[in-house]
Amino acid sequence: KIITNVDYLHKKCEAMSYKQSLEIKHTMHKFLLTNKNIFNNTLGLACNQLELGGRVIMFRGSTKHTPKYLINPTILEKSEDMLTTTEYCLSVPGQGISIERHKEIVVMHTTGLCNSRGYYEPNPSESIVIQHELEHLDGILISDYIEEEV
C-alpha cells in the first residue's frame, strides 16, 4: 500500500549500504509486480512511499518503458532550461499541480558494493520524474507546492 501519512513522508531519507539498498529495490519491484494497477499507471516511486528506509527510486519516461532504479541518487548538474509540467502523486491522491522542473539533469548514484559511483543523464521526461522522486526522498510532496502558492 502506498503511504499517504504526510508526517512520515516529510522525513528526509538517509542513504543505506548498497546491499541494503538492493533489498529495498527488490521489495519495490515486487510491490509493483503484484500491484499491476499502480505499475501500469505510475512513472515513479520512492522507497519511502512504501515505508521503506534508504534512498532508492524507480522511474521511467512513460508507462510503456521498463522501470529503472537509482540507489542513493544525487543531482549533480541542472540545466537552466526549465519545463512546466502538471504532476500527480500516489501519496497525494487526486491532486495535480503545475510545477517547474529542470529540463536536463545529471544524477550520480551508487552502482556497486564498493560504493562505486555512476552517472546518469536522463531524457527530459525521465528528468521530471527523477526530480519528483528525489523530492520524496528529501521529504517534499507536491502538496507542499500547493501550500506555498496560497
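In what follows, residues are counted from 1 in the order of the sequence shown. All values below were derived from every heavy atom in this structure, side-chain atoms included, with hydrogens, water molecules and symmetry-related copies excluded.
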(request) Applying side chain to side chain contact (heavy atoms under 4.5 Å, CB included), run through His10 and Leu141 and close with a yes or a no. (result) CA-CA 8 Å; His10 274 120; Leu141 300 172; 4.1 Å; yes

(message) Using the rule given for salt bridge (charged side-chain N to carboxylate O under 4.0 Å, His left out), can you reason through Asp138 versus Lys11, listing the C-alpha separation, both sets of side-chain angles and the distance that settles it, and then say yes or no?
(response) CA-CA 7 Å; Asp138 290 335; Lys11 294 178 184 174; over 6 Å; no

(request) Test side chain to side chain contact (heavy atoms under 4.5 Å, CB included) on Met58 and Thr42 and set out the steps. (result) CA-CA 10 Å; Met58 179 283 288; Thr42 191; 4.1 Å; yes

(request) Report the C-alpha separation of Lys12 and Arg55 in whole Å, then their side-chain angles, then the decisive distance to 0.1 Å, and conclude whether the side chain to side chain contact (heavy atoms under 4.5 Å, CB included) test is met. (result) CA-CA 9 Å; Lys12 185 172 180 168; Arg55 291 185 67 84; 4.1 Å; yes

(request) Under the side chain to side chain contact (heavy atoms under 4.5 Å, CB included) rule, what do His109 and Thr111 come out as? Steps first, then yes or no, please. (result) CA-CA 6 Å; His109 60 100; Thr111 60; 3.4 Å; yes

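Contact of the Leu45 side chain with the Leu90 side chain is registered, since non-hydrogen atoms from C-beta on lie closer than 4.5 Å. Residues His102 and Met82 have side chains in contact (heavy-atom distance under 4.5 Å, counting atoms from C-beta outward). Considering only heavy atoms from C-beta on, Gln95 comes within 4.5 Å of Ser143 through its side chain. Counting only heavy atoms from C-beta outward, the side chains of Arg60 and Thr66 never approach each other to under 4.5 Å. Taking the side chain as every heavy atom from C-beta outward, Met28 and Val56 approach each other to under 4.5 Å. Within the 4.5 Å cutoff, the side chain of Ile97 has no heavy atoms near those of the Thr86 side chain. Residues His29 and Thr27 are not in side-chain contact: their nearest non-hydrogen atoms beyond the backbone lie 4.5 Å or more apart. Using a 4.5 Å heavy-atom cutoff, the side chains of Pro124 and Leu83 are in contact.
Not counting sequence neighbours, the partners of Lys68 by the side chain to side chain donor-acceptor pair (under 3.5 Å) test are Tyr120, Glu126. The side chain to side chain donor-acceptor pair (under 3.5 Å) search around Thr63 returns none, not counting sequence neighbours. Judged as a side chain to side chain donor-acceptor pair (under 3.5 Å), and not counting sequence neighbours, Glu133 has no contacts. With sequence neighbours left out, the side chain to side chain donor-acceptor pair (under 3.5 Å) criterion links Arg101 to Glu87, Glu135.
Under the 4.5 Å side-chain heavy-atom criterion for Ile, Leu, Val, Met, Phe, Trp and Tyr, Ile38 and Tyr69 are members of the same hydrophobic cluster. No path of Ile, Leu, Val, Met, Phe, Trp and Tyr side chains, each step under 4.5 Å between heavy atoms, connects Leu137 with Leu9, placing them in separate hydrophobic clusters. Side-chain heavy atoms closer than 4.5 Å link hydrophobic residues (I, L, V, M, F, W, Y) into clusters, and following such links, even through other members, never connects Met16 to Leu70. Residues Ile99 and Leu43 do not share a hydrophobic cluster, defined by chaining ILVMFWY side chains whose heavy atoms lie under 4.5 Å apart.
Across all their heavy atoms, Pro73 and Leu134 have their closest contact at CG-CD2, 3.3 Å. Taking each heavy atom of Ile105 and Pro122 in turn, the nearest pair found is O-CD, 3.3 Å. Summarising the geometry of Gln131 relative to Ile75, their closest heavy-atom pair is CG-CD1, 4.0 Å, with the distance given to 0.1 Å. When every heavy atom of Asn72 is checked against every heavy atom of Ala15, the shortest pair comes out as OD1-CB, 3.3 Å. Considering all non-hydrogen atoms of both residues, Lys103 and Ser79 come closest at N-OG, 3.4 Å. The two residues Gly54 and Cys47 have their closest heavy-atom pair at O-SG, 3.4 Å.
The distance from the CG atom of Leu52 to the CD atom of Gln20 is 12.0 Å, given to the nearest 0.5 Å. Between the NZ atom in Lys25 and the CD1 atom in Ile57 there is a gap of 12.5 Å [rounded to 0.5 Å]. The distance from atom SG of Cys89 to atom CD1 of Ile142, rounded to the nearest 0.5 Å, is 5.5 Å. Separating the OG atom in Ser116 from the OH atom in Tyr18 is a distance of 7.5 Å, to the nearest 0.5 Å.
One N or O on the side chain of Ser21 and one on the backbone of Ser17 form a donor-acceptor pair closer than 3.5 Å. Of the possible donor and acceptor atoms, one in the side chain of Asn35 sits under 3.5 Å from a partner among the backbone N and O of Phe31.
For residues 33-52, no pair satisfies ring-ring contact (aromatic ring centres under 6.0 Å, His included), with sequence neighbours left out. A ring-ring contact (aromatic ring centres under 6.0 Å, His included) check over residues 78-99, counting only residues at least two apart or in different chains, returns nothing.
Separation of the Phe59 and His132 ring centroids does not fall under the 6.0 Å cut-off.
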